[in-house]
There are 2 protein chains.
Amino acid sequence: MSSGFALGEVHVSSSPQERFAEYLQSRGKRITSQRKALVDHIFERHDHFDAEELIDNISGANRENRISRPTVYRTLNELVEAGLLRRFSLRGRAVYEHDYGYPAHDHLHCTICDELIEFQTDELPRLREAVAREHGFRVTGHRLIISGICRDCSAKRHRRQSPLDLI
Amino acid sequence: MSSGFALGEVHVSSSPQERFAEYLQSRGKRITSQRKALVDHIFERHDHFDAEELIDNISGANRENRISRPTVYRTLNELVEAGLLRRFSLRGRAVYEHDYGYPAHDHLHCTICDELIEFQTDELPRLREAVAREHGFRVTGHRLIISGICRDCSAKRHRRQSPLDLI
DNA sequence: GTTGTTGCAAATTTTTTGCACCCAC
DNA sequence: GTGGGTGCAAAAAATTTGCAACAAC
């Protein structure tokens, strides 16, 4: 997926690359090859990942143009700030997912295989607002994770589940 | 609040101390002064805390009978396993709350003052089951955190909110 | 007395930071 | 050319573990 940072183009429904470029420019930050490579890589496919995974994948793909661990962490923070990624915490470590061009959704988390399954319901926004109104709370977001055992793991084993349920 | 580990008593609606004692016994684990002190201290009042807070409080109260950091962590894990505490993650570190004698509830999290406000709704369990059924998922729990700005912080400042929204 | 527990120190894991060199603007 | 970025190594923060002394059973 080649994708330059086309700037000065249409400002409607831009790509994540363009959005990130706008964000960087608006802050006087620079568009570097590392940041380009990371955004491209991250938005090539939709799924959940953590910093370690990203570092491994990037290093595996571009052996000579590898990106350092600190830079990956710094860029992930910028992408969250830019509103392109969402971050949450699972088993005590940060997990990221696209927050761009993807409908709001929540997750089922299998405590056995660690898989995240997305689901969507229109009841949440309603509930969110109702609760917030009751408490004079100004909502900016929410995070719902339903934990349990997925269909596959239920079928595979009938052993005890992991005691480590750090959501 | 004095509270021994009265064993062999009624098995209905026992205290957290009793419940923990039962848990320990059932696993061949031992009832030690440290574990007693921790359970007593934790269930003296209802609120949210993290490991560091607990260590500070315990050390402040019992200067001579202080409890080491590793023991606090180990006991917290046991209390979670025993079903007496729930653990989740906020801003990248583990937060605990009672899961005993306290109705199921969820949280509003103020990203400014970091306060947790509890709320309760009977819609969640319904929603949870509906979603789970749809995905062949066996639910063991859930975690909903609605983030935003609480009434007080809204009143106090009209500045920007914290960019660090690691839920 | 046996076996699990504690405290210490050290290791691990995840993430951040200081700094000299480098590169986008 | 200049100010922000990168990579390195090292620090920080949170949590876990190995082990010898110790205490509950």
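Naming convention: chains lettered A, B, ... in sequence-line order (proteins, then strands); numbering from 1 in each chain.
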Distance check: side-chain N/O of A:Asn77 vs OP1/OP2 of C:dT15, anything under 4.0 Å? no

Atom of A:Ile67, atom of A:Gln34 and distance for their closest heavy-atom approach: CD1-O, 3.7 Å

Atom NZ of B:Lys29 and atom P of C:dT6 are separated, to the nearest Å, by 9 Å

Of the listed D:dA9, D:dT15, C:dT15, the closest approach to the B:Arg69 side chain comes from D:dT15

Check this one for me: any side-chain N or O of B:Arg30 less than 4.0 Å away from OP1 or OP2 of D:dC22? no

Against A:Phe49, only a single residue in A:Ile42, A:Asn57, A:Val95 fulfils side-chain contact (heavy atoms from CB on, under 4.5 Å); can you say which? A:Ile42

Between atom CZ in B:Arg93 and atom C1' in D:dT15, what is the gap in whole Å? 12 Å

Output yes when A:Glu123 and B:Arg126 qualify as a salt bridge under the 4.0 Å nitrogen-oxygen rule, no when they do not. yes

Using 30° and 60° as the class boundaries, would you call the ring planes of B:Phe20 and B:Tyr23 parallel, tilted or perpendicular? parallel

Measure the distance from CD on A:Gln34 to P on C:dC22 and round it to the nearest whole Å. 14 Å

Between the base of C:dG7 and the side chain of B:Arg74, is there a donor and acceptor pair under 3.5 angstrom? yes

Value rounded to 0.5 Å, distance of SG in B:Cys150 from CG in B:Leu108: 9.5 Å

Euclidean distance, atom CD1 of residue B:Ile31 to atom C1' of C:dG4 [Å, nearest integer]: 13 Å

Tell me: CZ of B:Arg35 to C1' of C:dT6, nearest whole Å? 10 Å

Here's a test of your reading of the structure: between B:Ser33 and A:Thr75, which maps to the more 5' nucleotide of DNA chain D? A:Thr75

Let me know the distance between CZ of B:Arg87 and P of D:dA14, rounded to the nearest Å. 15 Å

Using a cut-off of strictly less than 4.0 Å, decide whether B:Thr32 has a side-chain nitrogen or oxygen near OP1 or OP2 of C:dT5. no

Separation of B:Leu24 atom CG from D:dA23 atom P, in whole Å? 19 Å

Separation of B:Tyr73 atom OH from C:dA9 atom C1', in whole Å? 16 Å

